Amino acid sequence: MCCIQFPAINQADARDRSESLRPLLKHFNENRHHVTNPQGKQRVRQFILTTFQDLGLKVWFEGFKPDYPQYATGVNVVGMIPGTLAGTPSDRLFVIGAHYDTVRTTFGTDDNGSGMVALLQVARQIATDFEGCPRSFSILFVAFDFEEWENCKDVKKNPKCACGTIDCGSRAFVRNLTQFTDGSLSSFGLIQGAIIMDTVMNYNTTPNSQRLPPIMKQFFPETYNELKADQFRGDFLTVVGRQVDDRALMNLFVYHYSQTESDLKNKTSLRWVKLPFQGQVLKLTQPIFYALDDFLRSDHVPFWNHSISLSAVFLSDTAELRGYMTSCYHEDCDGPSKVTPQMLQFLQKTSDVILALTNDVTKMSCPSNSVIYSKKRSTTTSALSLLNPTLGGGMAAWGVALLSIFMILLGAAIGVVATVFYQRWKKQQGPLVTTNVQANFQPL
C-alpha cells in the first residue's frame with residue numbers, strides 16, 4: 001500500500017499548513033467497523049502503521065482481547081520517538097492518543113478521523129521539522145482501537161458485537177503500559193501525561209450552534225456565562241481535565257494555545273472544563289458520575305482509572321453538541337462533504353498547540369546548526385531589532401556577540417584594576433590583626 005506523501009509546509013502560513021491536512025483526512029472517510037467494513041478498518045490500520053514507519057518512528061501493533069474476543073481482536077497502533085533517556089528510569093514518556101475505529105453507521109470523518117489526523121500531523125512535524133533536535137523524554141503516539149462500544153446484549157441490532165463497554169482499546173493499553181519497555185515501567189521511566197483527542201474539527205461561528213450539557217450552568221457557571229456572552233457559538237476547543245490532578249498539563253496547554261497563531265486569528269478560542277474530583281472515575285458516586293457523563297466518554301478515562309491515576313487531558317469540539325453533528329453524530333452524514341477550510345484551520349491550530357506542548361514537556365533542544373535553531377535565532381534577532389532599530393537581521397546577532405565580548409573584556413579590565421588598588425592598600429595597612437579573633441575561639 002502506498003503511503004501518503006506529506007507536502008512541504010510553510011511555517012509562516014497557517015492556511016498552507018491546514019490544507020496539508022486534506023490528504024491525511026481522505027484516509028479517514030470510510031467506515032472503520034469490524035463487522036460493517038473490516039477491510040476499511042484494516043486499510044486505515046495499515047496506513048497508520050506505514051505512516052509511522054515512513055516517519056522513522058519505532059512502531060508496533062498492540063493486540064488485545066475486547067469484551068467479546070470471539071468476534072474480533074483489537075489492535076492498537078503505537079509509534080514511539082525515543083528520547084535520550086529512553087529505556088532508563090529517568091524517562092518521562094508523553095502520550096498523544098486518538099481512536100481510529102467507528103460505529104457501524106458512520107464514515108467517522110470528525111469522529112474520529114479528525115483526532116487521528118491531528119495525531120499524525122504532530123508526528124510528522126516532530127519527525128521532519130524537528131529532525132536533529134534531541135529531546136530528553138520519549139513520545140508515544142497511540143491509535144486506539146475499539147473506543148466505540150455497543151450494547152452487545154442486543155444481538156439482533158448489534159450482531160458480532162466485540163466491545164460492550166467504552167474504551168476497550170485504551171483500557172488495554174493502560175493495562176499493558178509495560179509492553180514497550182520489555183520490563184517494569186518503573187525500570188524504564190514513567191508516564192508524565194497524555195493528550196487525548198476525540199472529535200476535534202467541527203467549527204461553527206453561527207449563534208446558537210452550540211448546545212451544552214445539562215449540568216453546565218450549575219457546575220461551571222463561569223464557562224457557561226462566557227459562552228452565553230458569545231451567543232453560544234461553536235467556535236472553541238474544549239479542554240477537559242480534573243482540577244487538581246491535571247492542572248499542570250491543562251495550564252501548559254492553555255499557555256501554548258495563547259501563544260499559537262492561526263489563520264482564524266481571534267475567531268476561535270479555548271474553553272476549559274475543570275472537573276471537581278480527584279483520582280479515579282471509578283470512585284465517583286453514581287449521581288456525580290451521571291452528572292459528569294458528557295466529559296467521561298473517551299480514551300482519557302482509563303488513564304485516570306489506572307491504579308496510580310495518570311494525568312490526561314481530553315480535547316474535543318463537543319461532538320454531538322455542535323452544529324451539523326447534532327444530527328450527524330454516529331450517522332453517515334459525518335463525512336467529508338461537511339469539511340470546510342475553516343474546520344481545517346481549526347484542526348491545524350490544535351495540532352500546532354500539541355506540537356509546542358510536546359516539545360516543551362519532552363525537553364527538546366536544537367543544536368546550533370539546525371534549521372529550527374536558526375528560526376529561533378531569527379525570532380530573537382527580530383526582537384533585538386525592536387530594541388535597536390539600527391540593527392537589522394543578522395547584524396543584530398553580530399551586535400549581540402560583539403557586545404558580549406566587550407562586556408567580558410571590560411569585566412577583566414575592572415578585575416585587574418581592582419587587584420592593583422587592593423595590593424597598594426594592603427601594603428599601606430600592613431598585616432591583618434587577627435589576635436582577638438583567635439583568642440576568643442574555643443575548640444569544642
Side-chain angles (χ1 to χ4, degrees), residues 6-26 28 96 98 109-122 124-125 129 195 197-212 223 226-240 250-273 313-319 321-326 328 334 336-360 375 379:
F6 290 101
I9 290 179
N10 178 357
Q11 295 291 334
D13 192 334
R15 182 182 289 108
D16 287 348
R17 293 205 308 275
S18 66
E19 285 301 317
S20 74
L21 301 177
R22 284 192 185 275
L24 279 174
L25 197 58
K26 290 179 181 178
F28 297 91
I96 301 172
T109 300
D110 190 27
D111 183 14
N112 185 36
S114 62
M116 281 304 311
V117 166
L119 181 150
L120 293 173
Q121 180 78 328
V122 174
R124 187 210 64 77
Q125 289 187 264
D129 295 352
I195 294 289
M197 295 169 283
D198 196 347
T199 61
V200 287
M201 183 172 59
N202 190 7
Y203 173 82
N204 194 318
T205 58
T206 306
N208 299 312
S209 58
Q210 182 67 56
R211 299 180 183 178
L212 297 175
T223 301
E226 290 174 354
L227 296 174
K228 182 179 179 181
D230 193 40
Q231 298 181 288
F232 298 108
R233 301 175 195 270
D235 58 358
F236 59 90
L237 179 71
T238 305
V239 182
V240 179
M250 290 181 75
N251 286 343
L252 202 55
F253 187 92
V254 171
Y255 167 75
H256 284 292
Y257 192 93
S258 71
Q259 299 299 305
T260 301
E261 296 181 357
S262 82
D263 199 58
L264 291 172
K265 305 299 181 184
N266 61 348
K267 296 177 183 177
T268 183
S269 60
L270 177 149
R271 309 291 181 188
W272 58 3
V273 177
V313 168
F314 174 52
L315 309 180
S316 178
D317 61 21
T318 72
L321 297 176
R322 177 177 299 175
Y324 76 93
M325 286 291 277
T326 58
C328 292
D334 177 15
S337 64
K338 301 292 186 180
V339 179
T340 67
Q342 291 74 28
M343 289 182 184
L344 293 176
Q345 291 160 9
F346 182 66
L347 182 59
Q348 180 62 54
K349 175 157 184 175
T350 298
S351 69
D352 284 345
V353 176
I354 296 171
L355 172 68
L357 170 67
T358 303
N359 285 340
D360 190 352
K375 290 179 181 177
T379 303

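No experiment lies behind these values; they were computed from the predicted model shown.
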S.K.: Between S351 and Q348, is there a side-chain donor-acceptor contact under 3.5 Å, judged purely by atom types and distance?
M.R.: yes
S.K.: Ring pair (Phe, Tyr, Trp, His ring centres under 6.0 Å) with Y255: which residues, sequence neighbours excluded?
M.R.: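 None.
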S.K.: I'd like to check L264 versus F346 (side-chain heavy atoms, cut-off strictly below 4.5 Å). Are they in contact?
M.R.: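 Yes, at least one pair of side-chain atoms sits under 4.5 Å.
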S.K.: Is the shortest side-chain heavy-atom distance between Y203 and D235 below 4.5 Å?
M.R.: yes
S.K.: Taking Q210 for its side chain and L227 for its backbone only, find out whether a donor-acceptor pair lies under 3.5 Å.
M.R.: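 Not at all, since once roles are kept as given, no pair shorter than 3.5 Å links the two residues.
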S.K.: Check whether any side-chain heavy atom of T205 sits under 4.5 Å from a side-chain heavy atom of Q342, and report yes or no.
M.R.: no
S.K.: So for atom CZ, which belongs to R271, do other residues, nucleotides or ligands contribute more than 12 heavy atoms lying within a distance under 6.0 Å?
M.R.: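 Yes, because the 6.0 Å sphere around CZ of R271 holds more than 12 heavy atoms from other groups.
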S.K.: Are L315 and V313 packed together at the side-chain level, in the sense that at least one heavy-atom pair is separated by less than 4.5 angstrom?
M.R.: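 Contact flag for L315/V313 side chains = yes.
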S.K.: Please report the shortest heavy-atom distance between M250 and V239, naming the atom on each side.
M.R.: CE-O, 3.7 Å
S.K.: Could you tell me whether the side chains of Q121 and S20 share a donor-acceptor contact shorter than 3.5 Å?
M.R.: yes
S.K.: Kindly indicate whether the side chain of W272, heavy atoms from C-beta on, has any atom under 4.5 Å from the side chain of T238.
M.R.: no
S.K.: Can you see which heavy atom on M325 is nearest to which on A319, and at what distance?
M.R.: CB-O, 3.2 Å
S.K.: Regarding R322 and the six-membered ring of F232, is the cationic atom NZ or CZ under 6.0 Å from the ring centre and inside 45° of its axis?
M.R.: no
S.K.: Looking at side-chain heavy atoms only, is the closest gap between M201 and V117 below 4.5 Å?
M.R.: no
S.K.: Between T340 (side chain only) and M343 (backbone N and O only), is there a donor and an acceptor less than 3.5 Å apart?
M.R.: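 The answer is yes, because a donor-acceptor pair under 3.5 Å joins these two groups.
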S.K.: Run R233 and N204 through side-chain contact (heavy atoms from CB on, under 4.5 Å) and show every step you take.
M.R.: CA-CA 7 Å; R233 301 175 195 270; N204 194 318; over 6 Å; no
S.K.: Locate the shortest heavy-atom distance separating D317 from V200; write the atom from each residue and the value.
M.R.: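 In terms of heavy atoms, the two residues are closest at OD2-N, 3.6 Å.
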S.K.: Less than 4.5 Å apart, any side-chain heavy atom of I195 and any of F253?
M.R.: yes
S.K.: For the side chain of D110 and the backbone of T199, is there at least one donor-acceptor N/O pair under 3.5 Å apart?
M.R.: no
S.K.: Minimum heavy-atom separation for M116 to A98, with atom names?
M.R.: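 Heavy-atom minimum between the residues: SD-O, 3.6 Å.
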S.K.: Considering only heavy atoms from C-beta outward, does the side chain of P23 approach that of L25 to under 4.5 Å?
M.R.: no
S.K.: Would a distance-only check, ignoring hydrogens and angles, find a side-chain to backbone donor-acceptor pair under 3.5 Å from D334 to D111?
M.R.: yes
S.K.: With side-chain contact (heavy atoms from CB on, under 4.5 Å) as the test, would you mind laying out the steps for N112 and S114 before giving the verdict?
M.R.: CA-CA 5 Å; N112 185 36; S114 62; 3.8 Å; yes
